[in-house]
Amino acid sequence: MLNMIEKFEIYTDVLVLGSGPSGFAAAYSAAKNGAKVILVEQNGDVGGISTSGLMSHWTGSCGSPLYYEILKRTSENNEGEFKNKITNLIDPEKLKTLYLEMLCEVGCKVMLYTFAEDAICDGDKILGATVINKSGKTDIFAKITIDATGDGDIAARAGAEFVLGRESDNKMQPATLMFKIGGVDYDRAVFLGSFESTYETPQGELQALAKEHIPYPAGHILTYESTLPGVVTCNMTNAIDIDGTDAEDLTKATLTCRRQMEDIVKYLREFVPGYESCYVISSASLMGIRETRHFKGKYTLNEQDILEAKVFDDYVVKDAYFNFDVHNITGAGLDKTGVQKHFSQEKGYTIPYRCLLPKTKENLLLCGRNISGTHMAHSNFRVMPICIGIGEAAGVAAYISVSRNCSLNDVDAKEIREIIGINV
């Protein structure tokens, strides 16, 4: 006789779905300021791409106090030459523990191994979400729901309007499975951190050799230092024509990327100085999905806003800085629309509160890479430090809404900035 799946109900002030950098920041900020918070995560660890995704480093920057607190506390946990040294390099194992410790410090309830299944709605009002795990199904009712799932799964199920991928054809940036290699001679090792970085060897230029010797659609070299001796993080697998909102495509991407790893290691051993004896030691348990849904908010951030370093009246993120990091949608390397080291805008830009507010839904905040922005703008703000800034703002906005018993639409961006501590 089959047992029926039990269903439960629980209540909270703020429900955060997804614990990547933006979701962690939202949950931490809301709880730190006094809201009752539940954080739901489908994986067995907090951190999303920054931990389960085996990300190499924090890329880009943001004027977020929480981001700098994470960097500081990470430095205190590092060992050897990195002890008490601020670095953008990530040790995923230490970061997993730090995230959990910080959430415990502020009293946030964390539900790991739990999938957000559906939105609970009353018309355009979001009342929370149904989640499922080994214990059964649970309806979590919340005054404010924050969708930090990356793909905006619950916002989509609630009927929030979005554009999938690039506006012209709905194509999306490729997917990547990060992996780490050991046995690298750091005294001779070459590290190429962007598609526009090149390195000449007696056998040829490394990016050109990668394109020639690593099977399509992979074919570039991106290698990054780590805090561990002889260990290098590789951002070199590549799966194109992947819809990160589709389970079959995610499976396809995993198979594609794993099959590329052996050829990548062969290339590194043969052509790249210092990598002659390298070998794979670990790979990510979470596929790196760069782009899926772009939700339509009360304002849509565009590339011109970034190029002009526009300061919005209702900004809640400041000093956001990166480039137009558009990976080739049809193969390896940088897309023809992307600009990395040649990106000319050197000032940080701001992100308005309106980008976090869906056009028609109430009690719901967008958070992280799913906020309202164009395909090109998204290629800039999707990086993790900026997503922490977005999450920090979302968490504070949710706290204000709950504590004032007011609509998210009536939350004052200036008060958000004052609580975070980023007023000019």
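Source: prediction; values computed, not measured.
Aromatic ring orientation, Tyr99 versus Phe24: tilted (interplanar angle from 30° to 60°).
In the displayed structure, Asp313 atom CG is contacted under 6.0 Å by at most 12 heavy atoms of other residues, nucleotides or ligands. Other residues, nucleotides and ligands contribute only 12 or fewer heavy atoms inside 6.0 Å of the NZ atom of Lys359. Residue Arg259 qualifies as open at atom CZ: its count of foreign heavy atoms under 6.0 Å is 12 or below. The environment of NZ in Lys109 is sparse: at most 12 heavy-atom neighbours from other residues, nucleotides or ligands sit within 6.0 Å. Other residues, nucleotides and ligands contribute only 12 or fewer heavy atoms inside 6.0 Å of the NZ atom of Lys171.
When atom types are taken as modelled, the side chain of Asn43 and the backbone of Asp45 share no donor-acceptor pair closer than 3.5 angstrom. Under the 3.5 Å distance criterion, the side-chain polar atoms of Asp147 are matched with a main-chain donor or acceptor of Ile154. Between the Thr176 side chain and the Asn238 main chain, no donor and acceptor come within less than 3.5 Å of each other. No donor-acceptor distance shorter than 3.5 angstrom exists from the side chain of Gln340 to the backbone of Phe324, with no hydrogens or angles considered. Thr12 contributes a side-chain N or O that, together with a main-chain N or O of Lys36, makes up a donor-acceptor pair within less than 3.5 Å.
The side-chain hydrogen bond (donor to acceptor under 3.5 Å, both in side chains) contacts involving residues 203-217 comprise nothing, where partners must be two or more places apart or lie in separate chains.
Summarising the geometry, atom CD1 belonging to Ile90 is positioned 10.0 Å from atom OG1 belonging to Thr227; distances are rounded to the nearest 0.5 Å. To the nearest 0.5 Å, the span separating CD1 on Ile49 from OG on Ser22 amounts to 11.5 Å. Taking OG1 of Thr223 as the reference point, atom CG of Asn235 lies at 10.0 Å (rounded to 0.5 Å).
Contact annotation: the side chain of Pro215 never approaches that of Gln260 to less than 4.5 Å [non-hydrogen atoms, C-beta and beyond]. Side-chain contact check for Val232 versus Leu268: every heavy-atom pair is 4.5 Å or farther apart. Contact annotation: the side chain of Glu225 approaches that of Tyr186 to within less than 4.5 Å [non-hydrogen atoms, C-beta and beyond]. Within the 4.5 Å cutoff, the side chain of Ser379 has no heavy atoms near those of the His327 side chain.
Between Arg382 and Asp325, at least one side-chain nitrogen of the basic residue sits less than 4.0 Å from a carboxylate oxygen of the acidic one, meeting the salt-bridge criterion. By the 4.0 Å N-to-carboxylate-O rule, Lys96 lies close enough to Glu93 to be salt-bridged with it. With respect to Lys252 and Asp249, no salt bridge is recorded, no charged nitrogen being found less than 4.0 Å from a carboxylate O. Residues Lys414 and Asp314 are not paired through a salt bridge, judged by the lack of any N-O separation under 4.0 Å between the basic side chain and the carboxylate. A salt bridge is absent between Glu76 and Lys83: the closest approach of a Lys/Arg side-chain nitrogen to an acidic carboxylate oxygen does not fall below 4.0 angstrom. Classification of Glu392 and Arg417 as a salt-bridged pair fails, no side-chain N sitting under 4.0 Å from a carboxylate O. In this structure, Glu79 pairs ionically with Lys94, as a charged nitrogen and a carboxylate oxygen lie closer than 4.0 Å.
The closest side-chain donor-acceptor pair between Thr149 and Asp151, if any, does not fall under 3.5 angstrom. A side-chain donor from one of Arg258 and Ser283 sits under 3.5 Å from a side-chain acceptor of the other. Ser194 and Ser197 share a side-chain donor-acceptor pair at under 3.5 Å. Between the side chains of Asn380 and Tyr321, not a single donor N or O lies within less than 3.5 Å of an accepting N or O. A donor atom on one side chain and an acceptor atom on the other are found under 3.5 Å apart for Ser372 and Thr300. Defined by atom type and a distance below 3.5 Å, a donor-acceptor pair is present between the side-chain atoms of Lys180 and Thr233. Checked by atom type, the side-chain pair Tyr28/Asn33 shows no donor-acceptor distance below 3.5 Å. For the residue pair Glu303/Thr374, the side-chain donor-acceptor check at 3.5 Å is satisfied.
Checked options Val40, Ile140, Leu39, Ile38; the residue passing with Leu17 is Val40 (criterion: side-chain contact (heavy atoms from CB on, under 4.5 Å)). Val316 pairs with exactly one of Ile416, Thr350, Ile390 by the side-chain contact (heavy atoms from CB on, under 4.5 Å) rule, that one being Ile416.
A cation-pi arrangement, defined by a distance under 6.0 Å to the six-membered ring centre and an angle within 45 degrees of its axis, is absent between Arg269 and Tyr275.
Of all heavy-atom pairs between Arg369 and Arg290, the closest is CD-O, 3.6 Å. Of all heavy-atom pairs spanning Leu112 and Gly44, the tightest one is CD1-O, 3.4 Å.
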Stepwise salt bridge (Lys or Arg N to Asp or Glu O under 4.0 Å) test for Glu270 and Lys266: CA-CA 6 Å; Glu270 183 174 354; Lys266 285 180 181 178; over 6 Å; no

